[in-house]
Amino acid sequence: MEEKFKNIVNQFSTNGTITKVLALGAGHINDSYKVYAEGENQPKYVLQRINHHIFKDVEGLQQNILRVTNHIRQKLISRGVQDIERKVLALIPAKDGKLFFCDADGNYWRMYHFIQGSKSYDAIDAKFAYIAGRAFGDFQAMLADIPGDPLVETIPNFHNMETRLDSFRQSVKDNAAKRLEKVQWMVDELEERADEMCKAERLHREGKLPKRINHCDTKVNNVLFDEKTDEVLCVVDLDTVMPGYVLSDFGDFVRTGANTGSEDDENLDNISVNLDVVKAYLKGYLENAKSFLTPIEIDNLIFGAKLLTYMQTVRFFTDYLNGDTYYKIKHPEHNWQRTLAQFKLLQSIEEKYDTLKTFTR
Ligand code: ADP
Ligand code: GN1
Ligand code: MG
């Protein structure tokens, strides 16, 4: 095992001798690793380097995660659920009792139990969408009565379309990476839709759309399924759990789970919105969320799919114009490729919007 990992892993209250640390997942922000212990063939822990340039209040972030996981654990216990260690994430504290470790280079690390016998997907069919919908509906339902102070907004204004547009317009003005000339047409396309996309913020100001505890990163690969039975085990990636509009969580799942192509597909012909996946996800979600949703929230879920796809187009494009300062990239044009792919998905959602809207009537 690399010397660097030996020291880091050593800081946490783990059991057994750690034998190896291997890369895990393909997130755009943090770095994740699976950690193996002697005599066991499945990983025992997940080690993550927290991107503290993005999550500036690591203490607040980790406290949020502790509160959220403790609250969910209590709910599962009171329901008499079996096998709870596979149904909710559990943080492993550092030996000094803190929920993270800061190394000599200023990197922040945290550790979780590895959820045994689990798998995640980047693409799913309607059957999996239905159970994922139930899982995210239940996630919101369980967190509705979390006691104490409001959760920390780990990234202020994270899904606020108005402030996202402010940042986008600033990046167009700055043109820091000198990339604007070739891609001006995309600026025009996004500006054309900007006013419509700020609807949620307007409804909130008018007192018509509430904020609830949301996951705020409901990518399809943030749900873990049982390797053998396919049942949902656990919702992961809890960095952004904070107050928001439920249409955001609904929309981000559709953006990732109902795309027939991939988020950065080079071949735009692969990309479209899969109506069966949306329908199945909505069915599962409403089964667990209908009891607390207002009619106006339900009426705006499909808008959420359009909004989150638009928002992600704006976010990738902003990063491209800024010179790739936020998302990890695999090649210099990656953020542009992602922008085009998300825009294609947006167009597909727009084309099928009338049909999609009938699903919530
Ligand atoms: P990122 O922010 O980089 O997306 P995640 O927390 O989502 O990081 O982790 C990346 C992937 O690792 C997830 O999609 C999931 O497949 C897997 N994973 C994360 N946490 C666990 C865990 N505790 N047990 C098993 N697998 C996990
Ligand atoms: C990031 O960390 P990851 O890859 O799950 C991002 C999400 C974006 C997503 C796009 C903190 O999520 O908001 O929707 O990439 N997370 C943050 O794939 O910005
Ligand atoms: Mg993730």
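For reference, positions follow the sequence shown, starting with 1. Numbering of ligands and ligand atoms starts at 1, following listing order. Bear in mind that the values here come from a model prediction, so they are computed numbers and not experimental data.
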Subject >> ligand 1 contacted by I29 (non-hydrogen, < 4.0 Å) >> reply: no

**OP:** Ignoring angles and geometry beyond distance, decide whether S120 reaches within less than 3.5 Å of ligand 1 through its nitrogen or oxygen atoms.
**Re:** yes

Original post:
Is Q140 close to R212 at the side-chain level, that is, under 4.5 Å between some pair of heavy atoms?
Top reply: no

Original post:
Would one find more than 12 heavy atoms of other residues, nucleotides or ligands at under 6.0 Å from atom CD of E231?
Top reply: yes

Original post:
Applying a 4.0 Å heavy-atom criterion (strictly less than), which segment of D237 is in contact with ligand 2: side chain, backbone, both, or neither?
Top reply: side chain

**OP:** Taking the six-membered ring of Y36 (Phe, Tyr or Trp), confirm whether the NZ or CZ of K20 is under 6.0 Å from its centre and within 45° of its axis.
**Re:** yes

**OP:** May I ask you to identify, for R338, whether its side chain, its backbone, both or neither come under 4.0 Å of ligand 2 on a heavy-atom basis?
**Re:** neither

Subject >> Cation-pi check, R338 onto F316 ring (under 6.0 Å, within 45° of axis) >> reply: yes

Subject >> Check: H113 N/O within less than 3.5 Å of ligand 1 N/O >> reply: yes

Original post:
Any idea which atoms of ligand 1 are less than 4.0 Å away from a heavy-atom of V46?
Top reply: 21 (C), 22 (C), 23 (N), 24 (N)

Original post:
With a cut-off of under 6.0 Å to the ring centre and 45° to the axis, is R193 in cation-pi contact with Y310?
Top reply: no

Original post:
Is the Lys NZ or Arg CZ of K306 less than 6.0 Å from the centre of Y353's six-membered ring, within 45° of the axis?
Top reply: yes

**OP:** With heavy atoms only and a cut-off of under 4.0 Å, state how N222 meets ligand 1: side chain, backbone, both or neither.
**Re:** side chain

Subject >> Which segment of I155 sits under 4.0 Å of ligand 2 when only heavy atoms are counted >> reply: side chain

Subject >> Nearest neighbour of atom 12 (O) of ligand 2 from the list D217, N51, T256, T240, on a heavy-atom basis >> reply: D217

**OP:** Could you tell me which atoms of ligand 2, counted from 1 in the order shown, lie closer than 4.0 angstrom to a heavy atom of R255?
**Re:** 10 (C), 14 (O), 18 (O)

Subject >> Atoms of ligand 2 close to K219 [distance to a heavy atom under 4.0 angstrom, numbered from 1] >> reply: 3 (P), 4 (O), 5 (O), 9 (C), 10 (C), 12 (O), 15 (O), 18 (O)

Original post:
For the rings on Y108 and F100, is their centre-to-centre separation under 6.0 Å?
Top reply: yes

Subject >> Atoms of ligand 1 close to Q48 [distance to a heavy atom under 4.0 angstrom, numbered from 1] >> reply: 5 (P), 6 (O), 8 (O), 9 (O)

**OP:** Can you see which heavy atom on N214 is nearest to which on Y245, and at what distance?
**Re:** ND2-O, 2.6 Å

Subject >> K219 atom NZ, neighbour heavy-atom count above 12 within 6.0 Å >> reply: yes

**OP:** Go through ligand 2 atom by atom and flag the ones less than 4.0 Å from a non-hydrogen atom of Y327.
**Re:** 15 (O)

Original post:
With a distance cut-off below 6.0 Å to the six-membered ring centre and an angular limit of 45° from the axis, does K95 pair with F12 as a cation-pi contact?
Top reply: no

Subject >> Aromatic centroids of H215 and F136 separated by under 6.0 Å >> reply: yes

Original post:
At a non-hydrogen distance cut-off of under 4.0 Å, which region of L24 contacts ligand 1 (side chain, backbone, both, or neither)?
Top reply: side chain

Subject >> Atoms in ligand 1 with a heavy atom of S118 nearer than 4.0 Å >> reply: 25 (C)

Original post:
Among the heavy atoms of D239, does any lie under 4.0 Å from an atom of ligand 2?
Top reply: no

Original post:
Going by the atom numbers of ligand 2, which of them fall below 4.0 Å from some non-hydrogen atom of H28?
Top reply: 2 (O), 3 (P), 4 (O), 10 (C), 15 (O), 18 (O)

Original post:
For D237, what is the atom name of its N, O or S atom nearest to the Mg ion (ligand 3)?
Top reply: OD2

Original post:
Quick one: does D239 get an N or O within less than 3.5 Å of an N or O on ligand 1?
Top reply: no

